[in-house]
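Have a look at the structure below, then the notes.
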Amino acid sequence: MTEKVEASLPDKEKNMSEWYTEILERGEVVDIRYGVKGFIVYRPFGMEIMKNIIKLYEEELEKTGHRPFLFPVVIPERNLRKEKEHIKGFEGEVFWIEKGGHTPLEERLALRPTSETAIYPLYSLWLKSYRDLPFKAYQTVTVYRYETKATRPLLRGREFLWIETHNVYTTGEEARAQTREDAEIFWEVTYKKLGIPFLHIRREEYDKFPGAVETYAFDTLMPDGRVLQIGTTHYLGTNFTKVFDVIIHDEKGDQRHPHSTCFGIGLSRILASILLVHGDEYGMVLPFEIAPLQVVIIPIYKTGFDNEAIDKYCIEIRNKLMEEGVKVVFDNTEKSPGEKYYYYDMRGVPFRIEIGPREYQNNTVTVFRRDVRKRETIDKKELLNYIREKSRDILETLRKRAEERLANAIIEVRTKEELMKYVKEDRRRIFKVYFCGREDCAKEIKNELGGYETRGIPTDEEDKRGKCIWCGSEDAHIAYLAKAY
RNA sequence: GGGUCCGUGGUCUAGCUUGGUAGGAUGCUGGCCUUGGGAGCCAGUGGUCCCCGGUUCAAAUCCGGGCGGACCCA
């Protein structure tokens with residue numbers, strides 16, 4: 001039976017902002033009171049989740065041949081300016097260091113907004129032969145962008161955490177194949193392990209990463225109907241290897257510029273997505289694998305009963321779970337059971353075990369599952385298998401729920417009239433339309449549809465052709481329109 | 001980018017219009033009692049009223065500037 005108890009939080013769909021602000025604070029995820037706009041503090045619980053998320057992506061990257069490295073946070077101005085499109089795209093949002101102590105620096109230093117221009121000068125020293133390729137590396141770091149739009153904790157900050165890969169290949173074909181591997185890596189973790197579904201999109205020409213030849217993005221859906229870009233991967237061609245003089249000898253002994261890619265995994269936004277997509281009115285709901293606390297054991301004492309025996313019974317179970325590598329806590333603090341339930345619900349603990357006289361006497365345990373909010377009493381001996389099995393169930397349930405919401409948000413529209421009709425409705429959607437790909441057309445759409453913008457082309461339908469829903473021109477491709485963060 | 005609102009113990013908040021004692025709730029600490037969805041009672045603890053400047057005998061309160069935050073619209 002599903003428990004009907006008083007909710008802790010406002011309704012996520014109706015009032016996402018308030019829900020989100022509250023869960024960040026009450027769940028001790030981040031602290032927004034640092035006092036510098038766009039900069040936040042990860043509190044221990046939030047950072048524990050983050051570290052678990054990072055580990056999943058890093059493992060997948062290393063499995064596919066990426067090696068870790070770490071570059072400085074500062075980039076000399078002359079390097080940042082080398083690639084023309086790149087600097088044009090980032091110039092307005094770079095933080096500059098201009099002084100060391102009281103002395104003005106001879107050359108200003110940028111806090112990296114992304115690391116291409118930090119990394120490529122070294123690539124020109126490291127990579128000399130086709131034998132040095134492919135070169136696949138990543139770093140997990142913070143980057144800095146002076147955002148002028150409203151900042152929001154984790155969703156849009158002036159400092160944010162990400163993983164960036166920077167790969168180099170002899171040929172363009174190999175490099176393009178890397179963008180597809182990036183998509184697989186992203187799928188493997190984001191969808192399969194975190195239960196977050198997303199759209200795989202090729203961005204329009206005018207929406208590309210500054211300096212890229214092709215940009216692919218991963219957009220997920222927020223409870224308020226807006227989409228959020230949580231990752232991007234770019235084919236950079238030889239744009240960066242040229243300006244940074246990365247030159248290799250190929251098999252024939254000819255000198256050439258290798259091709260490169262980069263892949264950004266938006267860790268801050270992924271954490272936000274996990275909270276927003278899976279959470280409910282009682283707090284976070286975390287997939288078992290990334291939960292800092294996976295099981296909590298709560299004793300129910302009774303006056304006149306042998307409460308020490310209940311303690312012993314709980315400790316025995318805790319120790320057994322610990323031996324199996326489960327992150328478990330036995331909470332025998334003096335708070336009432338109800339208060340503890342609310343506390344651990346808020347923190348998304350996947351399983352709660354309640355043990356009182358009844359369980360003690362019957363050699364059973366009562367297990368509460370956070371995602372579906374159901375209790376079940378089982379034999380003590382079955383506990384470990386139960387948790388193993390149901391933790392997979394939790395992930396399935398969360399993923400299925402999220403996937404349905406994403407699928408339900410998307411609607412194919414063929415005519416402008418139809419589009420206008422849907423836009424006027426209360427509900428936000430992701431429209432799938434034919435679109436010509438021209439920037440002025442995109443601007444008109446954004447202006448006249450009250451903020452709905454072109455998000456790009458679904459990668460599994462790049463070949464389809466039709467008439468642009470806006471200007472009517474032929475040879476338009478399929479594109480998504482959505483409101484975005 | 002445009003607009004609206006806000007900043008007071010750890011947290012939430014009253015007080016601000018009409019200048020003069022910082023009040024409450026919650027948390028925290030100790031004690032008693034209790035424990036199957038946020039219990040209760042008693043005692044204690046905790047505040048540069050966001051910052052800088054101005055007006056004034058006197059500023060949380062009025063004025064100017066700054067910093068930070070929330071929400072709505074584009």
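Every chain is numbered from 1 and lettered A, B, ... according to where its sequence line falls, protein lines coming before strand lines.
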Taking atom C1' in both B/rC12 and B/rU34, what distance in whole Å separates the two?
27 Å
Quick one: stems involving RNA chain B, counted as three or more successive Watson-Crick or G-U pairs, both distances short of 3.5 Å.
B:1-7 with B:67-73, B:10-13 with B:23-26, B:27-32 with B:40-45, B:50-54 with B:62-66
Would you list the pairs meeting salt bridge (charged side-chain N to carboxylate O under 4.0 Å, His left out) in which at least one residue belongs to residues 87-102 of chain A, sequence neighbours left out?
A/R81-A/E91, A/E85-A/K88, A/E98-A/R108
Can a donor-acceptor pair be found between the side chains of A/Y480 and A/D219 at a distance below 3.5 Å?
no
Could you tell me if A/R358 sits above the aromatic ring of A/Y360, with its cationic atom closer than 6.0 Å to the ring centre and no more than 45 degrees from the axis?
no
Pairing of A/E359 and A/K380 as salt bridge, 4.0 angstrom limit:
no
Name all residues meeting the side chain to side chain donor-acceptor pair (under 3.5 Å) criterion together with A/Y20; count only those two or more places apart in sequence or in a different chain, and write none if there are none.
none
With B for base contact, S for sugar-phosphate-only contact and - for none (protein heavy atoms under 4.0 Å), nucleotides 65-74 of chain B reads ---SSSS---
May I ask you to decide if A/S115's main-chain N or O and A/E164's side chain share a donor-acceptor pair within less than 3.5 Å?
yes
Exercise: do A/Y485 and A/D224 side chains pair donor with acceptor under 3.5 Å
yes
Residues A/S273 and A/T220: side-chain donor-acceptor under 3.5 angstrom
no
Just to be sure I understand the rule, does A/E448 reach a base, reach only the sugar-phosphate, or reach nothing, if contact means heavy atoms closer than 4.0 Å?
nothing
To the nearest angstrom, how far is A/F368 atom CZ from B/rG36 atom C1'?
13 Å
Evaluate the ring planes of A/H234 and A/F209, with Trp represented by its six-membered ring, and classify them as parallel (under 30°), tilted (30 to 60°) or perpendicular (over 60°).
parallel
Could you give the NZ-to-C1' distance, from A/K335 to B/rG37, as a whole number of Å?
15 Å
Using atom CG of A/N307 as one end and atom P of B/rU35 as the other, report the distance to the nearest whole Å.
9 Å
Which part of the nucleic acid, if any, lies within reach of A/D345 when heavy atoms closer than 4.0 Å are counted: base, sugar-phosphate only, or nothing?
base
To the nearest Å, give me how far apart CD (A/E25) and P (B/rG10) are.
13 Å
For atom C1', what is the distance between B/rU61 and B/rC49, given to the nearest Å?
10 Å
Within residues 291-302 of chain A, find the residues that approach RNA chain B with a heavy atom at under 4.0 Å, and present them sorted by residue number.
A/I300, A/Y301
Protein-nucleotide distance (A/R26, atom CZ; B/rU26, atom P), rounded to Å
16 Å
Side chains of A/D331 and A/T333, donor plus acceptor under 3.5 Å:
yes
Distance, P atom - from B/rC51 to B/rA60, rounded to whole angstrom
10 Å
What interatomic distance, in whole Å, is found between P of B/rU17 and the corresponding atom of B/rA25?
25 Å
Take atom CD of A/E22 and atom P of B/rU11, then tell me their distance rounded to the nearest Å.
15 Å
In whole Å, measure the gap between the P atoms of B/rA70 and B/rU8 for me.
14 Å
Report the C-alpha distance between A/I355 and A/I298 in whole Å, list the side-chain angles of each, state the deciding distance to 0.1 Å, and finish with yes or no for side-chain contact (heavy atoms from CB on, under 4.5 Å).
CA-CA 6 Å; A/I355 291 170; A/I298 295 179; over 6 Å; no
Quick check on RNA chain B: between A/T148 and A/E334, whose nearest nucleotide comes earlier from the 5' end?
A/T148
By the definition salt bridge (Lys or Arg N to Asp or Glu O under 4.0 Å), identify the one residue from A/R226, A/K483, A/K446 that meets it with A/E453.
A/K446
Is there a side chain to side chain donor-acceptor pair (under 3.5 Å) between A/T142 and A/Y144? Walk through the geometry before answering.
CA-CA 7 Å; A/T142 46; A/Y144 300 84; 3.0 Å; yes
Determine whether a donor-acceptor pair (one donor, one acceptor, N or O, separation below 3.5 Å) exists between the side chain of A/E359 and the base of B/rG36.
yes
Please determine whether any donor N or O and acceptor N or O are separated by less than 3.5 Å between the side chain of A/R352 and the base of B/rG37.
yes
Can you tell me how far C1' in B/rG68 sits from the matching atom in B/rA74, rounded to whole Å?
24 Å
Rounded to the nearest Å, what distance is computed from the OH atom of residue A/Y342 to the C1' atom of nucleotide B/rU35?
16 Å
So does A/S336 get a side-chain nitrogen or oxygen closer than 4.0 Å to the phosphate oxygens (OP1/OP2) of B/rG38?
no
Rounded C1' spacing from B/rC41 to B/rC5 in Å
41 Å
Taking only the C1' atom of each, what is the distance from B/rC57 to B/rC42 in whole angstrom?
44 Å
Short side-chain donor-acceptor distance under 3.5 Å, A/E444 and A/N447
no
Could you tell me whether A/K340 contacts a base, only the sugar-phosphate backbone, or nothing, with contacts defined as non-hydrogen atoms closer than 4.0 Å?
nothing
Scan side-chain atoms only and decide if A/Y57 and A/T140 contain a donor-acceptor pair under the 3.5 Å cut-off.
no
Here the distance between atom C1' of B/rU11 and atom CE of A/M346, to the nearest Å, is 14 Å
When you measure from every atom of RNA chain B, which of residues 312-321 of chain A have a heavy atom less than 4.0 Å away?
none
In plain terms, say whether A/E354 and A/R352 are close enough for a salt bridge, that is, a side-chain N and a carboxylate O under 4.0 Å apart.
yes
